[in-house]
Amino acid sequence: MVEFKGLAGVFYAMSEWIMRFSGVNLLWFLLSLPFFILFVTVEMSSTAGLFFFGSAGWLFAALLFFPATAAVFSITRDWIVEEDYSSIVKKYFAHLKTDYKENAKMGAVFALVWLVWYYGYFYFFTQQNSVALIFLVIGIALFIYTANFLSISAHYRMNAAAKMKNAFFLSAGRPLMGLYIAAVSAVLIWLSTTQLLWLFPLLTCSMTAFLSFSAFYRTTQKITEKAVSDDAA
C-alpha cells in the first residue's frame with residue numbers, strides 16, 4: 001500500500017474519513033427513509049392525519065429509525081475506541097442485526113416519548129402559547145438524554161433499565177457535555193434542513209453520532225481516571 005506524506009497524506013486521510021461518514025450516513029438514511037417520508041407527505045390538519053402520522057411514525061421510528069441510528073453510534077464507537085476501520089457496510093449491518101431486537105424495543109419507548117413531545121410542542125407553537133418554550137427546553141433535554149443513551153448502548157453491555165438510569169445521571173451530572181452535544185447537533189440539523197440539504201443524507205447523523213460519542217467517551221474516561229486516582233489516594 002502506498003503511504004502518502006505531507007499535504008497529500010492530509011488530503012488522503014480527509015477523503016477516507018469523508019467516505020466513512022458519508023457511507024454510514026447513507027445507509028442510515030436509506031433505512032430510515034419511510035420515517036422521513038411521513039413528514040413531507042402526511043397532512044396533519046385533520047384528526048385522521050394526526051392519527052395516521054402518530055401510528056405510522058411510532059412504528060417506523062421503532063422498527064427502522066431507532067435501530068438504524070443505534071447502529072451508527074456503534075460503528076462510530078468502533079472508530080473511536082478500537083480504531084476499527086474495516087468494511088463499513090459489513091460492520092454496519094452486523095451491528096444492526098446483533099442489537100436489532102433490543103434497539104427496536106427501546107425504540108418503541110423512545111418513539112412514544114418523542115411523539116408525545118412532538119404533538120405537545122407544535123400544538124402550543126401553533127397556538128402561539130409561551131408553553132411552547134417550555135416544551136422546547138424539554139426537547140433539548142430529551143435529545144441530550146437520547147444521545148447519551150445511544151452512546152451508552154454502543155459502549156457498554158447492560159440491561160435497558162441500567163442504560164436508562166446511567167443516561168439520566170450522565171445527562172444531569174454533566175450539563176456542559178450535554179450543551180455541547182445539543183449545540184453541535186443543532187448546527188448540523190439546521191444546516192442540513194435549511195441551507196445545505198445534501199448534508200442530511202450524507203453527513204448529518206454520522207457526524208452527530210461521532211461528535212456525541214466522542215464527548216461521551218472523553219467524559220467517561222475522565223470519570224474513570226478520577227475514580228482510580230481517588231481509590232489510589
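Any value given below was found using the heavy atoms of this structure, including those in side chains, with hydrogens, waters and symmetry copies removed.
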Check whether any side-chain heavy atom of [X] lies under 4.5 Å from a side-chain heavy atom of [Y], and answer yes or no.
X      : Y      : answer
Ile181 : Phe216 : no
Ser192 : Leu197 : no
Tyr180 : Leu176 : no
Glu82  : Arg77  : yes
Met14  : Trp17  : no
Leu170 : Met177 : yes
Leu96  : Leu27  : no
Glu102 : Lys163 : yes

Atom of [X], atom of [Y] and distance for their closest heavy-atom approach:
X      : Y      : answer
Thr69  : Cys205 : CG2-SG, 4.2 Å
Ala111 : Ala62  : CB-N, 4.4 Å
Asn159 : Ala162 : OD1-N, 2.7 Å
Phe60  : Pro34  : CD1-O, 3.6 Å

(message) I'd like to know whether Phe35 forms a ring pair (Phe, Tyr, Trp, His ring centres under 6.0 Å) with Trp58, so could you lay out the CA-CA distance, the side-chain angles of the two residues, the decisive distance to 0.1 Å, and finally the verdict.
(response) CA-CA 9 Å; Phe35 176 70; Trp58 176 80; over 10 Å; no
(request) Decide if the gap between the ring center of His95 and the ring center of Phe73 is smaller than 6.0 angstrom. (result)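 No, the ring of His95 stays outside the 6.0 Å limit from the ring of Phe73, centre to centre.
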(message) Using ring centroids (six-membered ring only for Trp), state whether Phe122 and Tyr118 fall under 6.0 Å.
(response)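 Centroid separation for Tyr118 and Phe122: below 6.0 Å.
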When you measure from the side chain of [X] to the backbone of [Y], do you find a donor-acceptor pair of N or O atoms at a distance under 3.5 Å?
X      : Y      : result
Tyr100 : Ala68  : no
Thr204 : Leu199 : yes
Ser185 : Ala182 : no
Tyr92  : Ser87  : no
Asn129 : Ala132 : no
Asp78  : Asp84  : no
Asn103 : Ala70  : no
Ser32  : Phe29  : no

Distance (rounded to the nearest 0.5 Å) between [X] [atom1] and [Y] [atom2]:
X      : Y      : atom1 : atom2 : result
Arg174 : Ile223 : CZ    : CD1   : 4.0 Å
Tyr217 : Ile80  : OH    : CD1   : 9.0 Å
Asn25  : Thr208 : CG    : OG1   : 8.5 Å

(message) Check this for me: Gln128, atom CD, are more than 12 non-hydrogen atoms of other residues, nucleotides or ligands nearer than 6.0 Å?
(response)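 Not buried by this count: 12 neighbours or fewer within 6.0 Å.
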(message) Membership question, hydrophobic clusters at under 4.5 Å side-chain separation (ILVMFWY): are Phe52 and Tyr123 in the same one?
(response)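 Looking at the clustering, Phe52 is in the same group as Tyr123.
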(message) Once salt bridge (Lys or Arg N to Asp or Glu O under 4.0 Å) is applied, what residue pairs with a partner in residues 145-157 remain, sequence neighbours excluded?
(response)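 Qualifying pairs, neighbours excluded: Asp99-Arg157.
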(message) What verdict does the side chain to side chain donor-acceptor pair (under 3.5 Å) test give for Trp28 and Ser206, after you've listed the backbone C-alpha separation in whole Å, the side-chain angles of each residue and the deciding distance to 0.1 Å?
(response) CA-CA 9 Å; Trp28 164 81; Ser206 57; over 6 Å; no
(request) Would you please test Phe21 and Trp79 for ring pair (Phe, Tyr, Trp, His ring centres under 6.0 Å) and show each step? (result) CA-CA 11 Å; Phe21 282 124; Trp79 294 343; 5.6 Å; yes
Output a table of donor-acceptor pairs, distance under 3.5 Å, between side-chain atoms of residues 133-152 and any protein atom two or more places apart or on a different chain; print 'none' if there are none.
residue	atom	partner	partner atom	Å
Tyr145	OH	Met164	O	2.9
Thr146	OG1	Trp114	NE1	3.2
Thr146	OG1	Leu142	O	2.7
Asn148	ND2	Ile144	O	3.3
Asn148	ND2	Ser171	OG	2.9
Ser151	OG	Ala147	O	3.1

(message) Once you measure the plane-to-plane angle for Phe65 and Phe36, does it fall in the parallel (<30°), tilted (30-60°) or perpendicular (>60°) bin?
(response)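 If you compare the ring of Phe65 with that of Phe36, the planes turn out perpendicular.
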(message) For Phe125, give me all partners under ring-ring contact (aromatic ring centres under 6.0 Å, His included), at least two apart in sequence or on another chain.
(response)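 Tyr121.
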